[in-house]
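Here's the structure we're looking at; comments come further down.
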Amino acid sequence: MGIVNRVRNLGDSVSAAVTAGKDAVAAGRGVVTRGVDAGRAGTAASGDWVLSVLRSLPAPAAPTPVEWEFSLGALICRHPRVPAVTAKVLRRLDGIGALRFGPDSVGFEGEDIPWSKVVHLQLHDAFSAMTTDVLDAEIDRIRDVLPMLPGRKWVVTKVVEGLATVMLAALEQAAEQRMDTVDIACEITYRGTLGMKKTIRANVFTTALLAQQPEVTESLLATARANGVPVLPAEAPAVGTPAAERVRALRARTDAVAAELRAEPGDGSPDAPPQLTAPRP
C-alpha cells in the first residue's frame with residue numbers, strides 16, 4: 001500500500017472518529033496507531049523504507065561526544081532504488097531539512113554554529129509546529145531545489161513520501177504521549193557577525209524528526225547544557241487542532257500532491273526509478 005493510500009485510509013478512519021463526539025481525539029489517536037500499523041503490513045508499502053530508516057538511526061549519547069547528523073537528503077539516499085551517484089544532487093535537500101550537532105557546534109538546514117556563539121535554544125510545542133501550511137511551503141521548496149533532470153518526478157514523489165511518513169510516524173507517537181505537550185528544541189538564537197543576534201528555526205522535516213526521535217532531542221538538549229547554553233521553556237500551548245484533524249489535513253495535501261505529480265508533463269512516471277547522473281565537477 002503506497003503512502004497516499006495509507007494516509008487516505010487513515011484520514012477516512014479518523015474522520016469517522018472525529019464525529020463520535022467527546023471521545024473524538026482519543027478515538028483519533030487509536031485510529032492513527034491502528035492505521036499506521038496496518039500500513040506497515042505488507043512489504044510493498046511505499047513508506048516502509050522510511051520507517052525502516054528511522055528505526056535504524058543510532059541514538060546519540062546525552063551529551064554526545066561525537067557529531068550526529070541526519071537530513072532529508074540522507075533519508076532519500078537510503079532508498080534502495082536511489083543510485084549512489086545521485087547523492088550530490090540530493091544533498092541540495094539539506095537546506096530544507098537537516099539536523100547536525102556535536103560537542104563543538106549545532107545547526108539546522110545546513111547551518112553550522114559553534115556552541116560558543118549560541119545564545120540559547122528555544123523549546124516549542126512540537127504539535128503546533130507541524131502544520132499543513134508549513135508542509136505545503138516545504139513541498140514548493142522541494143520543487144524549486146531539485147534540478148530538472150531525468151528522474152526528478154520520482155525523486156520529488158519520494159521526498160514528499162518521506163516527509164509525510166516522518167510526520168505520520170510522529171503522529172503515531174502521539175497515540176501514546178500527547179504530542180501537544182512534547183517540547184522540542186527547534187529554534188536556535190546565536191550571535192552572528194558584529195555580535196548581532198540571529199535566529200534560525202527548524203523546518204518541518206527536522207521538527208518531525210525531533211518529535212519522532214525523543215532520544216535525539218534528549219541528546220541535543222544535554223549537549224547544549226554541557227556547553228553552557230541555556231534552554232528556554234516553551235510557551236503554554238494554545239488550544240489547537242486535534243491530532244485526528246492533522247491527519248485528515250495531511251491526507252488531503254498528499255492526495256493533491258500525488259495528483260499534481262501524475263499530471264505533470266514529461267519526466268516519466270512518479271513510480272519509475274530515477275536515472276539521474278552525477279553533476280559535472
Does [Y] offer a backbone N or O that forms a donor-acceptor pair with the side chain of [X] under 3.5 Å?
X: Thr207; Y: Asn203; value: yes
X: Thr165; Y: Gly162; value: no
X: Trp68; Y: Ala61; value: no
X: Glu111; Y: Val106; value: no
X: Thr206; Y: Ala98; value: yes
X: Gln212; Y: Met167; value: no

Got [X] and [Y] here, is their nearest side-chain heavy-atom distance under 4.5 Å?
X: Asp112; Y: Arg100; result: yes
X: Ile184; Y: Leu123; result: no
X: Leu93; Y: Leu146; result: yes
X: Leu51; Y: Asp48; result: yes
X: Trp49; Y: Ile76; result: yes
X: Ser56; Y: Arg78; result: yes
X: Leu232; Y: Leu121; result: no
X: Ser219; Y: Phe101; result: yes

Legend entry - Matching residue for Leu209 among Leu72, Leu57, Val216, Leu75 - test: side-chain contact (heavy atoms from CB on, under 4.5 Å):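 Per the side-chain contact (heavy atoms from CB on, under 4.5 Å) rule, the option paired with Leu209 is Leu57, out of Leu72, Leu57, Val216, Leu75.
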
Inset, instruction - State yes or no: do Val119 and Phe108 share one hydrophobic cluster built from I, L, V, M, F, W and Y residues joined by side-chain heavy-atom distances below 4.5 Å, directly or via other members? - result: no

Legend entry - Partners meeting side chain to side chain donor-acceptor pair (under 3.5 Å) with Ser71 (sequence neighbours left out): Asp94

Legend entry - Pairing residues for Arg141 by the side chain to side chain donor-acceptor pair (under 3.5 Å) criterion, not counting sequence neighbours: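 Expected list: Glu138.
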
Inset, instruction - Compute whether any side-chain donor of one residue and acceptor of the other, for Thr64 and Thr223, lie under 3.5 angstrom apart. - result: no

Legend entry - Verdict with supporting geometry, Leu99 and Leu210, side chain to side chain contact (heavy atoms under 4.5 Å, CB included): CA-CA 9 Å; Leu99 170 64; Leu210 286 167; 3.7 Å; yes

Heavy-atom pair with the smallest gap, counting every atom of [X] and [Y]:
X: Tyr190; Y: Ile200; result: CE2-CG2, 4.1 Å
X: Ala208; Y: Ala170; result: O-CB, 4.1 Å
X: Ala185; Y: Leu220; result: O-CD2, 3.8 Å

Inset, instruction - Carefully, step by step, assess Val229 and Arg225 under the rule side chain to side chain contact (heavy atoms under 4.5 Å, CB included). - result: CA-CA 5 Å; Val229 174; Arg225 293 183 177 115; over 6 Å; no

Inset, instruction - Take Lys198 and Arg191 through the test side chain to side chain contact (heavy atoms under 4.5 Å, CB included) and record every step on the way to the result. - result: CA-CA 6 Å; Lys198 296 184 177 182; Arg191 294 196 180 277; over 6 Å; no

Legend entry - Residues His124, Arg201; criterion side chain to side chain contact (heavy atoms under 4.5 Å, CB included); working and verdict: CA-CA 10 Å; His124 287 282; Arg201 182 78 178 258; 3.6 Å; yes

Inset, instruction - Give, for atom CG of Leu221 and atom CG of Asp183, the distance between the pair rounded to the nearest 0.5 Å. - result: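 One finds 9.5 Å between CG of Leu221 and CG of Asp183.
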
Legend entry - Distance in Å, Glu67 CD paired with Ser105 OG, rounded so as to fall on 0.5 Å steps: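 If I round to the nearest 0.5 Å, the distance is 5.5 Å.
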
Inset, instruction - Please name all residues satisfying salt bridge (Lys or Arg N to Asp or Glu O under 4.0 Å) with Glu109, sequence neighbours left out, ordered by chain then number. - result: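 Salt bridge (Lys or Arg N to Asp or Glu O under 4.0 Å) check on Glu109 returns nothing, list empty.
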
